[in-house]
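Proteins come first, then strands; the chains are lettered A, B, ... in the order of their sequence lines, and each starts at number 1. Hydrogens, waters and symmetry mates are skipped; everything else that's a heavy atom, side chains included, is used.
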There are 2 protein chains.
Amino acid sequence: MGTRDQLVDSARELLWERGYVGTSPKAIQQRAGAGQGSMYHHFAGKKDLALAAVRRSAEELLAAADAQLRTPGTAVERITAYLRREREVLKGCPIGRLTQDPDIVADPDLRAPVDETLTRLRARLAEVLDEGRDTGELPTSPNTAALDTAALAATIVAVLQGGYVLARAAGSPEPFDQAVSGLLALLAAH
Amino acid sequence: MGTRDQLVDSARELLWERGYVGTSPKAIQQRAGAGQGSMYHHFAGKKDLALAAVRRSAEELLAAADAQLRTPGTAVERITAYLRREREVLKGCPIGRLTQDPDIVADPDLRAPVDETLTRLRARLAEVLDEGRDTGELPTSPNTAALDTAALAATIVAVLQGGYVLARAAGSPEPFDQAVSGLLALLAAH
DNA sequence: GTCTATACTGAGATAGAC
DNA sequence: GTCTATCTCAGTATAGAC
């Protein structure tokens with residue numbers, strides 16, 4: 001693996017652990033075993049490197065989600081598989097966490113991949129829900145209104161992102177698991 | 001209002017906007033209109049001041065939640081009122097956001113009030129759900145299992161916390177509202 | 001209680017040698 | 001491509017005068 005890739009990987013780890021504001025170029029270099037000059041040769045600066053790192057993490061996140069959602073089974077089964085997949089709960093979401101970084105949200109270039117990732121994730125989940133509705137597995141409506149799959153997809157992603165928040169606050173994965181269980185119980189009650 | 005209180009208020013604002021790592025003592029002082037000496041007279045340092053600020057925000061959060069949850073009405077009505085309450089969605093949760101701050105999570109003193117706040121919020125919501133179950137408003141069970149009110153409470157708080165994440169990523173409150181709508185649709189479907 | 005001065009470290013980047 | 005030197009400013013705090 002080239003030095004450039006090592007820098008990207010180190011940046012990905014540090015952005016996950018400490019966020020953008022909490023990550024210094026020097027820390028990235030040290031973890032990558034690269035010097036100052038090396039980093040500034042490959043990247044224009046901290047922002048440029050962070051952008052490469054975020055894009056890479058975004059790709060992986062979407063690929064991992066798709067891997068669960070593409071398996072055979074009913075919509076609820078596939079969503080359950082996705083929600084119950086093994087996760088490093090206490091580390092949180094490498095993309096979602098960037099949302100709390102003022103320098104990321106304030107910069108359109110840095111926010112764009114974060115936005116796109118979570119938007120596409122919601123769209124993918126909505127697709128799965130649409131399939132479930134079309135096959136009759138999910139009711140056309142809870143009560144009488146049309147099943148709003150876009151809204152429900154947002155709910156599902158929010159439970160994950162919020163579950164991470166609760167787990168990190170508690171210092172334990174338990175509330176994450178509870179939040180997921182509560183959601184699945186509601187889904188199953190149809 | 002004394003200088004001390006102005007320092008706490010400024011710290012609360014900045015912690016909300018920029019988190020712990022992203023907030024400097026100097027920035028707090030400037031916003032409070034106080035000098036270096038003044039701050040270090042009233043507080044031992046950044047951590048000490050942050051602790052006072054977080055405790056104050058935690059109090060307010062729990063009081064605001066209780067205000068909604070104590071109104072007359074059914075359990076679902078009260079929870080709906082809480083979820084639909086006016087919020088500065090794009091600012092996120094002043095307590096939940098601290099969860100992404102490495103220096104907060106790593107320090108037991110700083111993490112404690114965050115943990116306690118979200119734990120108590122879940123407990124309060126579980127109480128409301130328990131009441132709804134006892135009065136027969138909520139089914140004793142979706143399907144046949146006992147209604148797990150602790151889990152459902154975690155789901156509700158997670159939807160809020162995750163809703164903030166989605167909204168900040170999108171730069172719009174819309175996905176927050178969708179996530180809440182999706183949850184309420186599921187709750188109403190009982 | 002508040003101010004100014006001072007100290008030390010780290011962040012973020014540039015310059016030029018190799 | 002990578003290294004070392006250097007630069008400037010900000011973060012965090014202490015010291016002592018008023």
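A cation-pi arrangement is found for B/Lys46 relative to B/Tyr20, the charged atom lying closer than 6.0 Å to the ring centre and inside a 45° cone about the ring normal.
Using a 4.0 Å cut-off between a side-chain N of Lys or Arg and a carboxylate O of Asp or Glu, A/Arg120 and A/Glu116 qualify as a salt bridge. Between B/Arg18 and A/Asp103 a salt bridge is recorded (basic side-chain N to carboxylate O distance below 4.0 Å).
Less than 4.0 Å separates DNA chain C from at least one heavy atom of each of the following residues of residues 36-51 of chain B: B/Gly37, B/Ser38, B/His41, B/His42.
Between A/Ile28 atom CD1 and C/dA11 atom P there is a gap of 11 Å when expressed in whole angstrom units. In this structure, A/Gln30 places its CD atom 17 Å from P of D/dT2, rounding to the nearest Å. Rounded to a whole Å, the NZ atom of A/Lys26 is 17 Å from the P atom of D/dT8. Put simply, CG on B/Leu14 is 16 Å from P on D/dA10, counting in whole angstrom units. Computed from coordinates, the B/Arg4 CZ to C/dT2 C1' distance equals 16 Å when rounded to whole Å.
For the pair A/Thr3 and D/dT2, the criterion of a side-chain N or O lying under 4.0 Å from OP1 or OP2 is met.
Separation of atoms OH (A/Tyr164) and CD (A/Glu88) is listed at 9.0 Å; rounding is to 0.5 Å.
Side chain to side chain, A/Gln161 and B/Gln161 fail the donor-acceptor criterion of an N or O pair below 3.5 Å.
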If you look only at distance, which donor and acceptor atoms sit under 3.5 Å apart when one is on a side chain in residues 173-186 of chain A and the other is two or more places apart or in another chain?
residue  : atom : partner  : partner atom : Å
A/Gln178 : OE1  : B/Arg122 : NH1          : 3.4
A/Ser181 : OG   : A/Arg84  : NH2          : 2.9
A/Ser181 : OG   : A/Asp177 : O            : 2.9

